[in-house]
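Presented below is the structure to which this report refers.
FYI, side chains are in, hydrogens and waters are out, and symmetry mates aren't considered; it's all heavy atoms of this structure. A quick note: this is a predicted structure, and the numbers were derived from the prediction, not measured.
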Amino acid sequence: AVYDDPERAHGCGAGAPARRLRHHGRTRTADHDRGRRRAEARPRDREGLSRPQGPAEQPGPSPGAPADGSAAKAADEAAFKEALGASPERFAQATADADLRWPQAIAGFEAILGRSVSGPQTPHTAMLVRRAMADSGLSTYAAKTHYKRTRPFVANSVSTCTPADEETLKTDGSYPSGHAAIGWMLGMLFTDLAPEKADALLKRGFDHAQSRVICRVHWQSDVAAGRLMASAVYARLQSDPVFKAQRELARREMAQGPAR
């Protein structure tokens, strides 16, 4: 195997103690104890793969949180109000998308693939996906720390789709969205592994990210910036030799078809 034990792979996951993780050729530490459904627990090392190494306060390639009174902030407010009218079915989907525990996080993608890729039959695929999830989620933290943006449910005094997480989220920066980065990363990565299902997989990744607006925990611009961060990470990973080696093994597993 190219990577460490799969149970130690997902640096953004919650419900386990802090661990030392090797992310695509480098080592970092991540906190895992901020709630069982939380993937945005602050890592101790905020250095992401989406930008060169530098001070933690560097916000990365995101354009920056919209200023009060700007057109972008007005668009955020409009998107928030529209999300309040989401159907019960869409709100339920957003609630499910908030859960980034493994393997629940990829259940919607597996449904499109028509097979499981989270079990022992596809160890390289599972490891590749978990590492990419961690890299994309961790890439957002320098900007979160830099902007310290208030989340929409706090600004508007409304409930969210994950009430148990609200106290933690109140003190966690809104911009950019780590969940959105992970959702979009999953869409891009699974499209690479199953290009014949690209349209459905990319839509699932887009909707997964958009669920953060439906949940009222992120502004629309937070989600857009999260997608941008994921795209930057994914582009950088294309030249990472460890990522490329694991992806090749994953492609071989996918080509073999589901286990009988």
Nearest-0.5 Å distance, OG1 of residue T140 to CE of residue M229: 6.5 Å
Close side-chain approach of E89 to Q93, heavy-atom, < 4.5 Å: no
Can you list the residues that meet the side chain to side chain donor-acceptor pair (under 3.5 Å) rule with Q210, with sequence neighbours excluded? Q220, R227
Separation between CD1 (I182) and CG (D97), nearest 0.5 Å, reads 12.0 Å
Report the C-alpha separation of S211 and R90 in whole Å, then their side-chain angles, then the decisive distance to 0.1 Å, and conclude whether the side chain to side chain donor-acceptor pair (under 3.5 Å) test is met. CA-CA 8 Å; S211 286; R90 184 64 183 92; 3.0 Å; yes
W102, M185: one ILVMFWY side-chain cluster at the under-4.5 Å cut-off? yes
R115 side chain vs E110 backbone, donor-acceptor pair below 3.5 Å: no
Measuring from atom CG of L249 to atom OG1 of T122, what distance do you get when rounded to the nearest 0.5 angstrom? 12.0 Å
To the nearest 0.5 Å, what is the distance between CZ on R204 and CD1 on I106? 12.0 Å
Let's go through S221 and R149 carefully: what are the C-alpha distance in whole Å and the side-chain angles of both, what is the deciding distance for side chain to side chain donor-acceptor pair (under 3.5 Å) to 0.1 Å, and is it a yes or a no? CA-CA 11 Å; S221 57; R149 191 183 193 188; 2.8 Å; yes
Given the rule that I, L, V, M, F, W and Y join up when any side-chain heavy atoms are under 4.5 Å apart, are V117 and F243 in one cluster? yes
Please determine whether side chain to side chain contact (heavy atoms under 4.5 Å, CB included) holds for the pair H124 and L128, giving the CA-CA distance in whole Å, both sets of side-chain angles, and the decisive distance to 0.1 Å. CA-CA 6 Å; H124 296 295; L128 178 74; over 6 Å; no
Can you find a heavy atom in the side chain of H208 that is under 4.5 Å from one in the side chain of W184? no
Could you tell me the separation between the CH2 atom of W219 and the OG1 atom of T150, rounded to the nearest 0.5 Å? 8.5 Å
Looking at every non-hydrogen atom in both residues, tell me the closest pair between T191 and A198 and how far apart they are. CG2-CB, 3.6 Å
Do any N or O atoms from the side chain of K73 and from the backbone of P66 form a donor-acceptor pair under 3.5 angstrom? no
Can you sort out the partners of D192 under salt bridge (charged side-chain N to carboxylate O under 4.0 Å, His left out), two or more places apart, ordered by chain and number? R247, R251
From CA spacing to verdict: side chain to side chain contact (heavy atoms under 4.5 Å, CB included), L201, M188: CA-CA 8 Å; L201 290 167; M188 292 187 292; over 6 Å; no
Closer than 3.5 angstrom, by distance alone: can the side chain of Q238 be matched with the main-chain N or O of Y234 as a donor-acceptor pair? yes
Checking the side chain of H179 only, and the main-chain atoms of A209 only, is there a donor and an acceptor separated by less than 3.5 Å? no
Looking only at heavy atoms, what is the nearest atom pair of A98 and T162, with distance? CB-CG2, 3.7 Å
For the student: nearest non-hydrogen atoms of R151 and G173, plus distance: NH2-O, 3.3 Å
Minimal non-hydrogen separation, M127 against Q246, with atom names: CG-OE1, 3.9 Å
Before you tell me yes or no, could you show the steps for L189 and V129 under side chain to side chain contact (heavy atoms under 4.5 Å, CB included), namely the whole-Å CA-CA distance, both residues' side-chain angles and the distance that decides it to 0.1 Å? CA-CA 7 Å; L189 186 57; V129 172; 4.0 Å; yes
Do L113 and F206 share a hydrophobic cluster (ILVMFWY, side-chain heavy atoms under 4.5 Å, transitive)? yes
Salt bridge flag under 4.0 Å for residues R236 and D135: no
Could you give the distance from OH (Y147) to OG (S174), rounded to the nearest 0.5 Å? 13.0 Å
Look at D76 together with K81 and state whether they make a salt bridge at an N to O cut-off of under 4.0 Å. no
Do V213 and V154 belong to the same hydrophobic cluster, where Ile, Leu, Val, Met, Phe, Trp and Tyr are linked whenever their side-chain heavy atoms lie under 4.5 Å apart, directly or via other members? no
Is it true that atom CD of E82 has more than 12 heavy atoms of other residues, nucleotides or ligands lying nearer than 6.0 Å? no
Could you walk me through whether Q121 and S116 satisfy the side chain to side chain donor-acceptor pair (under 3.5 Å) test, starting with their C-alpha distance in whole Å, then the side-chain angles of each, then the deciding distance to 0.1 Å, before giving a yes or no? CA-CA 9 Å; Q121 293 80 16; S116 171; 5.5 Å; no
Heavy-atom distance under 4.5 Å between the side chains of P176 and V223, does that happen here? no
Side chains of L202 and F190, heavy atoms from C-beta outward: is any pair under 4.5 Å? no
Non-hydrogen side-chain atoms of R216 and S159 separated by less than 4.5 Å: yes
Minimum-distance pair of heavy atoms, taken over all atoms of A94 and C161: O-SG, 4.1 Å
Apply salt bridge (Lys or Arg N to Asp or Glu O under 4.0 Å) to the pair K170 and E166, showing each step before the final yes or no. CA-CA 6 Å; K170 285 178 182 178; E166 290 177 9; 5.7 Å; no
Are F80 and V158 packed together at the side-chain level, in the sense that at least one heavy-atom pair is separated by less than 4.5 angstrom? yes
Please assess T95 against I214 for the test side chain to side chain contact (heavy atoms under 4.5 Å, CB included), listing each intermediate value before the final yes or no. CA-CA 9 Å; T95 302; I214 303 298; over 6 Å; no
Are D172 and K144 side-chain neighbours, meaning at least one heavy-atom pair lies under 4.5 Å? yes
Any donor-acceptor pair under 3.5 Å linking the side chain of D222 with the backbone of H218? no
Cluster question for you: counting only ILVMFWY and a side-chain heavy-atom cut-off of under 4.5 Å, with indirect links fine, are L237 and L228 together? no
